[in-house]
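Here the structure is laid out as structure tokens; the discussion comes afterwards.
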Amino acid sequence: MLWLIAAALVLLALVILVVVAVKVGGTLRRFGVVAQSLQRRLLDGQRRVEPHLVQLQATVEALQPRLESMQEQALVLQARRGGDENS
């Protein structure tokens, strides 16, 4: 009789294990589908933004010499003002 109860408990545990494994497998499959969808959207967004970033980089590089020139002029003006105040 004890063997019958032990066998029933083992069988019940195996059934519960299979049910849980099937549910976890379904959840992991849905997670995989969602992860692939998000990855595709991320790559699509990257492809759309990349040309704008290249254009922005070119604009920054084109403005760099002009900004450096303006900075040098500002330093010269600041030096002149400092020299005028000391006189």
Side-chain angles (χ1 to χ4, degrees):
M1 186 67 170
L2 188 60
W3 286 100
L4 186 60
I5 294 172
L9 286 174
V10 168
L11 185 61
L12 180 64
L14 287 174
V15 168
I16 291 172
L17 179 64
V18 168
V19 168
V20 168
V22 168
K23 286 187 178 186
V24 167
T27 301
L28 287 175
R29 193 173 3 231
R30 283 193 307 263
F31 176 75
V33 169
V34 169
Q36 286 177 348
S37 172
L38 289 173
Q39 183 70 23
R40 278 193 305 271
R41 289 174 63 186
L42 180 66
L43 290 174
D44 181 52
Q46 182 181 355
R47 276 195 309 271
R48 290 180 184 206
V49 168
E50 208 164 271
H52 298 291
L53 290 176
V54 170
Q55 182 181 7
L56 184 61
Q57 179 72 28
T59 303
V60 167
E61 289 174 359
L63 288 175
Q64 189 75 25
R66 196 168 153 203
L67 291 173
E68 289 172 356
S69 172
M70 290 173 69
Q71 185 178 16
E72 289 173 7
Q73 290 175 359
L75 289 173
V76 167
L77 287 174
Q78 192 176 28
R80 285 183 189 166
R81 287 186 186 150
D84 290 345
E85 290 175 3
N86 292 336
S87 297

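Residue indices begin at 1 and follow the sequence shown.
Listed for the T59 side chain is a donor-acceptor partner under 3.5 Å among the backbone atoms of Q55. With S37 contributing its side chain and V33 its backbone, the two residues share no donor-acceptor pair below 3.5 Å.
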Residue pair V10, L14: steps toward the side-chain contact (heavy atoms from CB on, under 4.5 Å) verdict:
CA-CA 6 Å; V10 168; L14 287 174; 4.2 Å; yes

Does the pair R48 and D44 meet the rule for a salt bridge (Lys or Arg N to Asp or Glu O under 4.0 Å), with working shown?
CA-CA 6 Å; R48 290 180 184 206; D44 181 52; 3.3 Å; yes

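Residues V60 and M70 do not share a hydrophobic cluster, clusters being chains of Ile/Leu/Val/Met/Phe/Trp/Tyr side chains in contact below 4.5 Å. Linking Ile, Leu, Val, Met, Phe, Trp and Tyr whenever their side-chain heavy atoms come within less than 4.5 Å leaves L43 and L53 in two separate clusters.
With contacts defined as side-chain heavy-atom distances shorter than 4.5 Å, the pair V76/R80 qualifies.
Note that CD of Q71 is 7.5 Å distant from CD of E68, once rounded to the nearest 0.5 Å. The CG atom of L17 lies 11.0 Å from the CG atom of L12; values are rounded to the nearest 0.5 Å.
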